[in-house]
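Quick notes on the structure that follows.
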Amino acid sequence: MSQEQGPTLIFLNNMKVLFVSNDPTIFDAASAARARMRAYAAAIGLPAQAGELHIVSSASKDAREEQDGNLFLHPVHAWKIFRVRALAERAHWLILQYGIEIVSAQDPFEHGLAALRAISKIQAPRPKLHIQVHTDFLSPWFIKSGNWRSPRVRMPLLNRWRRRIADRVLPRADGIRVVSERVKKSLVARYGSIIPEPSVIPVAVDSTVPEPIRLPEHPFTFSLISVGRLEPEKRIEDILTALALVAKQYPMVGLFIVGSGSERRRLERMARHLGLADRVIFLGERPDARALMGSANAFIQASAYEGYGRTLIEAALARVPIITTDVGIVGEVFKGYEDVLSVPVDDPTALSLGIVGFIEDTRVRLELPIRAETVARAHLAKVGDMPTRVFEDLSRLLIH
C-alpha cells in the first residue's frame, strides 16, 4: 500500500455517513437494495469496523428503526407533501445524535434539498454534502413531452421544479457522484466551475447470467421484450407505435412488457386501440426478468432519457440483440450499429426499422449481441468493486 493510501484508511476508520435515500425497499431485509447497503456499510466499516452507515428514508408505516451490523436504518413516516421537511428534520437530528461527517443524498431534487436543509443550520464543523445524480435530468426530454413524429407523453410538471432545485443544491455540494460520462458532461456544461468535478461511478450490475426461462405461451415467431418501469420517461408508447407499423408486414411479431408502474392501464388501452391486443403481453413485475430476456429474439428500449441504463448491460450479458434510443451509456459503453441498434429519442419509425432490421438480417442479429456482451463484460471489469469505489469517493471529502 502506498504512503498516500495508508493515512487515508487510518483517518477514516470511524467515518460516519448518512444517506438520504429515495428507496424504501431498504427496510426489506431480503431486498436487493438492502444487500447493496450492507455492502456499502461493510466498505465504510473497514478495516476496524468502526465506521457507520446511517440511512434515512420515507417508508411504510410498519417500518421501524433497525440496526444491521454497522448499518442503521431510520424510517420517516410522512405524507408526500411534507416529506422534504420530515426528511430534513430527521436527518438534522441524526447528524447531531451520531456525529455524522458526510450526508449523501440519492438525488439532487427532493432528497438533495432535504440534505441541504439538514446541514444548513449546523455550526462548524459542518458535515460534507455529497449529491448522487442517477438520472440525466438536463436532457431536454426530462421535461419535453414529444414531437410530431410520435405520441405525446405527459411528463411530470414536477420535473421543472426539480431542475430548479438541482440548480440550488448542486453548487452547494462538496462532492458529486454521477453514473455516466453523459451525465457528467451535462453537469459541467451547465454549472462549470461552480460545482466540484463529478466522479463517475456507474450502477452496480451483477455479471452472473441466469439460465433462460421460457416466455409464457405465445403465437409469435419473433418476440421482442421490454423491461422497465411503466412510467412516462420510458416511452413505451413509442414501442407500441413502432410495433403497429411493423405488424402490417410482419404478423408474426409480438411484444412482452415486463414491469409495473402508473402508465400500465393507459398502455393497455393504447395497445387495444392500435389493434395490438393479441400482440402485446403485459407480464407485470417479474423477479425473473433477466432470465426471460434470454428467451426473446430482441430487447427493445425507447427511454426518453437514462442516467445509466442497467437493463442494457443485462440484455447484453444475456446475448440478446438490442434496439435502444441514444440515452445513458449508449455511445459511452455501447456503440450504435457496432454493438446495438441505436435510434433517436421519440422516433417510432426509427424503432420500427430497427425491428425490421433484426427480423430480416440474421447475420446482424447474431453478431451484434456477441460484440455487446464482450463490451459489457469489459465495462464491468473496469468498473471494479462498487462499494470500495463509493467508499473512496466519500472519503475524499474528508481529506481535502
Side-chain angles (χ1 to χ4, degrees), residues 136 139-141 144-155 220-259 261 263-264 266-268 270-277 279-283 293 296-306 309 311-312 314-316 318 320-331 334-362 364-365 368-369 372:
D136 187 11
S139 163
W141 296 101
K144 192 175 179 180
S145 61
N147 61 30
W148 61 271
R149 294 193 302 268
S150 70
R152 296 189 70 82
V153 177
R154 182 176 296 178
M155 300 303 291
F220 317 135
T221 57
F222 191 91
S223 300
L224 297 161
I225 189 168
S226 175
V227 179
R229 295 176 296 107
L230 305 187
E231 299 298 340
E233 66 270 21
K234 300 301 181 181
R235 294 198 66 91
I236 305 298
E237 295 86 349
D238 291 348
I239 300 177
L240 296 178
T241 303
L243 182 61
L245 294 172
V246 172
K248 296 174 182 178
Q249 299 297 324
Y250 300 91
M252 73 292 199
V253 179
L255 170 67
F256 290 89
I257 298 177
V258 181
E263 296 288 286
R264 174 162 177 168
R266 194 173 68 81
L267 293 170
E268 289 174 333
M270 182 177 180
R272 291 193 295 269
H273 176 73
L274 292 173
L276 299 174
R279 297 178 185 276
V280 179
I281 299 175
F282 290 82
L283 298 180
M293 282 185 191
N297 296 108
F299 173 87
I300 188 166
Q301 171 181 284
S303 298
Y305 57 88
E306 293 280 352
T311 53
L312 293 178
E314 294 171 345
V320 183
I322 296 170
I323 305 167
T324 177
T325 43
D326 183 5
V327 295
I329 53 175
V330 176
F334 299 111
K335 301 298 186 293
Y337 298 95
E338 294 181 19
D339 313 312
V340 301
L341 292 185
S342 173
V343 304
V345 172
D346 198 27
D347 195 337
T349 300
L351 285 173
S352 72
L353 293 175
I355 297 170
V356 171
F358 276 152
I359 293 173
E360 293 190 345
D361 195 330
T362 303
V364 171
R365 192 171 70 244
L368 259 62

>> Under the criterion side chain to side chain contact (heavy atoms under 4.5 Å, CB included), I'd like the reasoning laid out for Phe282 against Leu267: C-alpha separation, chi angles, the key distance, then a yes or no.
In response: CA-CA 9 Å; Phe282 290 82; Leu267 293 170; 3.9 Å; yes
Any chance you could measure [X], atom [atom1], to [Y], atom [atom2], to the nearest 0.5 Å?
| X | Y | atom1 | atom2 | answer |
| --- | --- | --- | --- | --- |
| Leu255 | Ile281 | CG | CD1 | 9.0 Å |
| Leu224 | Ile355 | CG | CD1 | 5.0 Å |
| Ile300 | Thr311 | CD1 | OG1 | 12.0 Å |
| Ile359 | Asn297 | CD1 | CG | 9.0 Å |

> Of all residues at least two apart in sequence or in a different chain, which pass the side chain to side chain donor-acceptor pair (under 3.5 Å) check with Glu360?
Replying inline: Tyr250
> Taking Ser352 as the fixed residue, which of Asp347, Val246, Asp238 is the one that meets the side chain to side chain contact (heavy atoms under 4.5 Å, CB included) rule?
Replying inline: Val246
Looking at every non-hydrogen atom in both residues, tell me the closest pair between [X] and [Y] and how far apart they are.
| X | Y | result |
| --- | --- | --- |
| Ala296 | Ile225 | CB-CG2, 3.5 Å |
| Ala302 | Leu351 | CB-CD1, 3.8 Å |
| Arg152 | Ser145 | NH2-OG, 2.6 Å |
| Ser342 | Gly336 | CB-CA, 3.8 Å |
| Glu306 | Asp136 | O-CB, 3.5 Å |
| Ile329 | Gly309 | CD1-O, 4.1 Å |

> For the side-chain hydrogen bond (donor to acceptor under 3.5 Å, both in side chains) test, which of Arg272, Arg264, Arg266 pairs with Glu268?
Replying inline: Arg264
> Sequence neighbours excluded, which residues qualify as ring-ring contact (aromatic ring centres under 6.0 Å, His included) partners of Phe299?
Replying inline: none
> Are Ile236 and Met270 close enough, and set up right, to give a side chain to side chain contact (heavy atoms under 4.5 Å, CB included), and what steps lead you there?
Replying inline: CA-CA 10 Å; Ile236 305 298; Met270 182 177 180; over 6 Å; no
> Is there a donor-acceptor pair closer than 3.5 Å between any side-chain N or O of Arg279 and the backbone N or O of Ala271?
Replying inline: no
> Taking Thr325 for the side chain and Val327 for the main chain, is one N or O donor matched with an acceptor at less than 3.5 Å?
Replying inline: no
> ring pair (Phe, Tyr, Trp, His ring centres under 6.0 Å) between Phe358 and Phe222: does it pass, once the steps are laid out?
Replying inline: CA-CA 10 Å; Phe358 276 152; Phe222 191 91; 7.5 Å; no
